[in-house]
Amino acid sequence: MEERVADKTEFTECWHRTTESPYIMRLALSAGIGGLLFGYDTGVISGALLYIRDEFEQVDKKTWLQETIVSMAVAGSIIGAAFGGWMNDKVGRKRSILVADVIFFIGALVMAAAPVPSVIILGRVLVGLGIGMASVTAPLYISEASPAKIRGALVSINGFLITSGQFLSYLINLAFTKAPGTWRWMLGVAGVPAAIQFMLVLSLPESPRWLYRQSKVEEAKHILSKIYRPSEVEEEMRAMEESVKSAREEEGLIGHSVVQKVKNALGNDVVRRALYAGITVQVAQQFVGINTVMYYSPTIVQFAGIASNSTALALSLVTSGLNAVGSVVSMLFIDRFGRRKLMLLSMIGIIVCLVILSATFNLAAHHAPAISNQDTVSFGANFTCQPYTKAPNFSSWNCMQCLHVGCAFCASTENDVLPGACLAAEKRIRGMCRAQNRVWFSEGCPSKIGIVAVVILGLYIIVYSPGMGTVPWVLNSEIYPLRFRGLGGGIAAVCNFCASLIVSQSFLSLTQALGTSATFLLFAGFSLVGLGAIYALVPETKGLQFEEVQKLLQNGFKPFPFNRKKEDNQGKGRASA
């Protein structure tokens, strides 16, 4: 009951303080737009990719090129996050956000004006740099410029804006499906929130903690007077003085070089065990396949047999909306049920959904419409799928076999499972198919059960978002000792981005090589390994002070039944006493 009261009190205090001083909320929302940029880019590329493939035939035919367009933003984020950490300390939080906005804005313009796919990739790298810098800086800025009692509630705004940005991106995608230039507008509009944040942050102060570390004491005090109540300013100044003094002493203990810091961290039992837990949850977060869903959501819907780009985008809007709702649910229940329990339950739900999703795609593949040879040859020999015409058993082919060899299926209607034509996957042939008021399938086949896959996709998001979606970032903010907190969190974050890069870069290739069903089954296998790793390595930190977490890790965490021997020894000790 105490935890529930504390949680409620925090949000009640947040409401009172922000209504009493709207400046605090203005500060948090202005900086939190960095999260919105992150979320918007994650979602917008999934819809834009459908239309990029329509415009550039080489992108439509080359899976690796589609994966590169998507994943280069993640690669840029890795560099941006590493550079952003250094820049935060060097020039301050405010200037880092402004630089991130400029880079993101330029990247959005480059993508919108791109004449060829290689320029889109360049724009994606620039946007990724901005995202990486913003994702490191925004939470830090909000945290350092927020009253201690409502810090958690205000920092959580950044996470909520990430999922809100994803939802907004799908709305924008839908708005431009009929506009000339479709994908150019979708990607170009990303520059608008960056420009808005740039103008808003110009009027905001620098982080008072950073100013204090630069010996700008009076300036820091002036900013605190606008955030804190008059009776709290001097107390906060004293706390800041002690904190900065302690931080400087700790910097001396762990050294200034990155190599020395990492060496000392790995030699410390507490930090090493914390890294085991922190890296485990960050890597598991990506290998459950979430970024395949967010980056390729409309494409996955098309795998399920829904050919229309606009329909695929509309259904994908539902998944992003559920993700946003899930982040709110996590905020309400993370201190009630605990980090470990939420993640374990989330992983179990994810595995179940992925297995059902795999079975659904497998069933759809086995019931795919047959190929009509008469219908196929009616388009002319030059337009027929060549592997189909050369196959000795072409009469037994179905739609999935046609798509598997890189061709396309021309159906009578979107939901029609009657035989259709197997044609070469070329832009002009697609136009011929559509000119007859027929439906062109190049990613998935017409299916009566395709909507089931979409429903399971929604359930996957529901079980992912409140647990594995948000908890890994919370856990990594509280599991490391103070002097190693930045280093430990940074290492775990880089592991997260690297895992994201691997998954997003390989997804389409996997579906091409293994099939959609086997790919989702593979993610279920990864998730099962992740479930075991989380159970074995990640302790519960709910309600614990930082010192208590360190003591827990110092003693070594062992879950049931591996902790029985320890409990038995404790029981014997109490009995002999």
Side-chain angles (χ1 to χ4, degrees), residues 49-67 69 117 296 298-309 311-312 361-450 453 507-519:
L49 187 62
L50 301 178
Y51 297 94
I52 293 173
R53 280 169 33 202
D54 284 348
E55 182 165 335
F56 300 108
E57 194 167 348
Q58 66 266 44
V59 176
D60 192 36
K61 288 186 173 182
K62 297 177 181 177
T63 300
W64 67 266
L65 196 50
Q66 296 176 38
E67 291 170 332
I69 289 172
Y296 298 108
T299 303
I300 293 171
V301 171
Q302 290 188 334
F303 286 160
I306 297 169
S308 167
N309 285 351
T311 303
F361 278 113
N362 184 58
L363 191 63
H366 280 84
H367 291 82
I371 301 298
S372 167
N373 187 58
Q374 182 179 355
D375 191 13
T376 300
V377 298
S378 68
F379 280 85
N382 292 333
F383 304 134
T384 303
C385 174
Q386 293 304 307
Y388 167 76
T389 59
K390 295 176 181 178
N393 61 336
F394 68 87
S395 59
S396 63
W397 272 40
N398 64 18
C399 172
M400 289 305 299
Q401 289 169 293
C402 177
L403 267 55
H404 188 68
V405 296
C407 295
F409 183 78
C410 183
S412 299
T413 63
E414 187 163 340
N415 296 316
D416 195 352
V417 291
L418 295 175
C422 184
L423 306 173
E426 296 180 11
K427 196 171 183 178
R428 57 174 181 154
I429 302 175
R430 180 180 64 201
M432 292 171 60
C433 173
R434 290 175 175 172
Q436 297 180 18
N437 293 320
R438 299 175 67 172
V439 184
W440 181 263
F441 287 88
S442 60
E443 300 294 344
C445 293
S447 174
K448 295 290 186 183
I449 61 173
F507 175 67
L508 292 181
S509 295
L510 285 172
T511 58
Q512 196 172 61
L514 305 177
T516 311
S517 175
T519 300

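Since this is a predicted model, take the numbers as computed values, not measurements.
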Can you tell me how far [atom2] of [Y] sits from [atom1] of [X], rounded to the nearest 0.5 angstrom?
X    : Y    : atom1 : atom2 : result
L514 : T519 : CG    : OG1   : 5.0 Å
D60  : I52  : CG    : CD1   : 11.5 Å
I69  : K62  : CD1   : NZ    : 11.5 Å

Show me the donor-acceptor pairs within less than 3.5 Å that the side chains of residues 392-399 make with the rest of the protein, sequence neighbours left out.
| from | atom 1 | to | atom 2 | distance (Å) |
| --- | --- | --- | --- | --- |
| S396 | OG | N393 | O | 2.8 |
| N398 | OD1 | M400 | N | 3.1 |
| N398 | OD1 | Q401 | N | 3.1 |

I need the minimum non-hydrogen distance between [X] and [Y], along with the two atoms involved.
X    : Y    : result
A411 : F441 : CB-CE1, 3.8 Å
F379 : C410 : CZ-SG, 4.0 Å
L403 : C445 : CD2-SG, 4.1 Å

Query - From CA spacing to verdict: side chain to side chain contact (heavy atoms under 4.5 Å, CB included), F383, T376 - result: CA-CA 9 Å; F383 304 134; T376 300; over 6 Å; no

Report task. Could you go through the disulfide bond (SG atoms under 2.5 Å apart) check for C385 and C402 one step at a time? Result -> CA-CA 8 Å; C385 174; C402 177; 4.9 Å; no

Please collect all salt bridge (charged side-chain N to carboxylate O under 4.0 Å, His left out) contacts where either partner lies in [range], sequence neighbours excluded, each pair once.
range            : answer
residues 361-385 : D375-R438
residues 376-402 : none
residues 394-403 : none

Requested in this report: Apply side chain to side chain contact (heavy atoms under 4.5 Å, CB included) to F409 and S442, showing your working.
Outcome: CA-CA 6 Å; F409 183 78; S442 60; over 6 Å; no

Side-chain donor-acceptor pairs of residues 421-432 under 3.5 Å, sequence neighbours excluded:
| from | atom 1 | to | atom 2 | distance (Å) |
| --- | --- | --- | --- | --- |
| K427 | NZ | D54 | O | 3.2 |
| R430 | NH1 | D54 | OD1 | 3.2 |

Requested in this report: Check the pair Y388 / V405 against side chain to side chain contact (heavy atoms under 4.5 Å, CB included), numbers first and verdict last.
Outcome: CA-CA 8 Å; Y388 167 76; V405 296; over 6 Å; no

Query raised in the report: Mind checking what makes side-chain contact (heavy atoms from CB on, under 4.5 Å) contact with Q374, not counting sequence neighbours?
Result: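 side-chain contact (heavy atoms from CB on, under 4.5 Å) check on Q374 returns S372.
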
Query raised in the report: Short question: side chain of Q66, backbone of V59 - any donor-acceptor pair under 3.5 Å?
Result: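 Here the side-chain-to-backbone pair exists.
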
Requested in this report: Verify, without hydrogens or angle tests, whether Q386 (side chain) and T384 (backbone) share a donor-acceptor contact under 3.5 angstrom.
Outcome: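 At least one qualifying donor-acceptor pair exists.
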
